[in-house]
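Take a look at the structure below.
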Amino acid sequence: MSDDLVRLDGVAKHFPVGGGFFGRTAARVKAVDGVSFGIREGQTFGLVGESGCGKSTIAMLLVKLLEPTAGRLTFEGADLARLDRGAMKDFRRRVQIVFQDPYGSLDPRQTMLKALIEPLFTLKVVADRAAAVARAERALEMVGLDREVLKRLPHELSGGQRQRLVVARALAVGPRFVILDEPTSSVDVSLQAQILSLLAELKRGQGLTYLLISHNLVVIRYMSDVVAVMYLGKIVEMASSEELFTRPLHPYTVALISAIPVPDPEASTIAALAKGDVPSPVNLPSGCRYHSRCPYAQTVCREQEPPLRELRAGHYGACHFPGVAASAVPYRPES
Ligand SMILES: Nc1ncnc2c1ncn2[C@@H]1O[C@H](COP(=O)(O)OP(=O)(O)OP(=O)(O)O)[C@@H](O)[C@H]1O
Ligand SMILES: [Mg+2]
């Protein structure tokens with residue numbers, strides 16, 4: 001536990017929504033609602049789940065762009081809520097995030113040179129412009145971009161170049177931990193594999209640790225050592241990637257895996273393992289929050305929330321009937 005590079009313990013983030021009368025808060029979105037996990041140095045930790053389940057909120061909490069409603073986050077053993085000025089500066093450099101939308105995270109009027117060197121000065125990574133330019137050029141080389149992009153504006157780059165550029169910007173400052181929020185969602189399928197193998201290569205070369213966020217299970221499976229599946233603000237299952245994809249225990253994980261398009265037309269698809277739409281995080285279902293969509297739900301599921309517990313060695317699940325749907329097709333990336 002203690003050798004985790006990053007840890008979350010009982011972390012929650014609730015957002016007030018709707019003004020209500022007289023400015024009172026009408027309701028709360030429980031975007032993240034009691035999440036605990038640790039990431040070991042050198043790991044790629046995959047966080048997967050449907051849109052709105054709280055993945056990006058966790059990313060924002062980890063870079064301190066948001067403060068938690070409850071719980072504790074630590075990096076290198078230090079509580080993020082208690083970093084002094086010096087530690088904070090160090091933290092800003094050592095923890096980097098590549099945002100979900102690379103276009104939105106670049107200033108449309110700023111050249112790529114400026115975009116790359118500005119953080120180097122802000123975070124005091126370099127002392128002068130020559131050192132900054134040299135570092136920016138090295139970062140470009142790492143991601144396979146030509147120096148010629150330095151004078152361009154964001155809209156003058158292709159989607160793939162923009163994605164590489166934001167990766168270069170994150171790596172230029174020399175981080176130890178990098179959060180990748182949907183790193184391939186903005187590029188077309190033909191470029192996705194290229195970007196992913198670049199990220200894997202950079203991780204090896206730079207000795208990085210990743211938190212990889214995606215709703216795409218194929219991406220998560222390909223990249224991650226450990227995978228956590230989120231549903232409505234909570235982790236419902238967590239295990240090594242191999243274990244999770246071959247022996248899933250939570251009906252939601254089984255439903256997600258079964259929904260991966262299988263190239264083999266002979267393979268039978270499991271229909272309707274998850275019924276209906278995701279409920280609103282403002283009005284969470286009673287008991288197990290997945291019960292309203294679970295075909296196996298019993299009375300206890302509507303009444304009691306199942307805790308996340310170790311079901312097999314290193315394999316955690318939050319379900320009253322783990323394994324009930326596990327006879328469904330395991331996902332085999334080779335097929
Ligand atoms: N600032 C905010 N104020 C109110 N609600 C918010 C805020 N930020 C996020 N939410 C809500 O919190 C929930 C989780 O959002 P989040 O962006 O973390 O989901 P996500 O898993 O990253 O989704 P996606 O896959 O679409 O990126 C959603 O219901 C979202 O609408
Ligand atoms: Mg998101």
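Counting starts at 1 for both ligands and their atoms, in listed order. Any value given below was found using the heavy atoms of this structure, including those in side chains, with hydrogens, waters and symmetry copies removed.
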- request: Measure the distances from the heavy atoms of H215 to every atom of ligand 1 and state whether one is below 4.0 angstrom.
  value: no
Atom pairs and distances, donor-acceptor, side-chain atoms in residues 123-137, under 3.5 Å, two or more places apart:
from: D128; atom 1: OD1; to: A130; atom 2: N; distance (Å): 3.2
from: D128; atom 1: OD1; to: A131; atom 2: N; distance (Å): 2.9
from: R135; atom 1: NE; to: A172; atom 2: O; distance (Å): 2.6
from: R135; atom 1: NH2; to: A172; atom 2: O; distance (Å): 3.3
from: E137; atom 1: OE2; to: R147; atom 2: NE; distance (Å): 3.2
from: E137; atom 1: OE2; to: R147; atom 2: NH2; distance (Å): 3.4

- prompt: P281 near ligand 1, heavy-atom distance under 4.0 Å?
  reply: yes
message: Before you tell me yes or no, could you show the steps for E76 and R7 under salt bridge (charged side-chain N to carboxylate O under 4.0 Å, His left out), namely the whole-Å CA-CA distance, both residues' side-chain angles and the distance that decides it to 0.1 Å?
response: CA-CA 9 Å; E76 298 174 332; R7 267 211 71 76; over 6 Å; no
query: For F15 and ligand 1, does the shortest N/O to N/O distance drop below 3.5 Å?
result: no
- prompt: Of A31, C53, S51, which has the heavy atom at the shortest distance from atom 26 (O) of ligand 1?
  reply: S51
field: Verify atom 30 (C) of ligand 1: protein non-hydrogen atom under 4.0 angstrom away
entry: no
message: Could you see if L199 belongs to whatever hydrophobic cluster contains V189? Use Ile, Leu, Val, Met, Phe, Trp, Tyr and a side-chain cutoff under 4.5 Å.
response: no
task: Compute whether any side-chain donor of one residue and acceptor of the other, for N216 and S214, lie under 3.5 angstrom apart.
output: no
query: Is there side-chain contact between L145 and Q161, with heavy atoms separated by less than 4.5 Å?
result: yes
statement: One finds that the ligand 1 atoms under 4.0 Å from a non-hydrogen atom of V29 are 11 (C), 12 (O), 29 (O)
task: Identify, with sequence neighbours excluded, every residue that meets side chain to side chain donor-acceptor pair (under 3.5 Å) alongside D181.
output: S56
message: How far is atom 27 (O) of ligand 1 from the closest protein heavy atom, and which atom is that?
response: Q100 NE2, 2.7 Å
field: For atom 25 (O) of ligand 1, closest protein heavy-atom neighbour
entry: K55 NZ, 2.8 Å
- prompt: If Ile, Leu, Val, Met, Phe, Trp and Tyr residues are connected whenever their side-chain heavy atoms lie under 4.5 Å apart, and connections chain through other members, are I97 and Y103 in the same group?
  reply: no
- request: Give the residue and atom name of whichever protein heavy atom lies nearest to atom 14 (C) of ligand 1, and the separation in Å to one decimal.
  value: G52 O, 3.3 Å
query: Yes or no on salt bridge (charged side-chain N to carboxylate O under 4.0 Å, His left out) for R247 and E242, after CA distance, side-chain angles and deciding distance?
result: CA-CA 8 Å; R247 300 202 290 173; E242 173 69 25; over 6 Å; no
- line: Sorted by chain and number, sequence neighbours left out, ring-ring contact (aromatic ring centres under 6.0 Å, His included) with Y231 holds for Y252, Y290
message: Listing by chain and number, which protein N, O or S atoms are under 2.8 Å from the Mg ion (ligand 2)?
response: S56 OG, Q100 OE1
Check: H315/E237 side-chain N/O donor and acceptor closer than 3.5 Å: yes
- prompt: So, for atom 8 (N) of ligand 1, does the protein have a heavy atom nearer than 4.0 Å?
  reply: yes
- prompt: What's the shortest distance from atom 17 (O) of ligand 1 to any protein heavy atom, and which residue and atom give it?
  reply: S56 CB, 3.8 Å
task: Please state which part of T57 comes within less than 4.0 Å of ligand 1, counting heavy atoms only: side chain, backbone, both or neither.
output: both
- prompt: Are Y210 and F45 close enough that their ring centers fall under 6.0 Å?
  reply: no
task: Say whether Q110 and E118, considering side chains only, have a donor N or O and an acceptor N or O under 3.5 Å apart.
output: yes
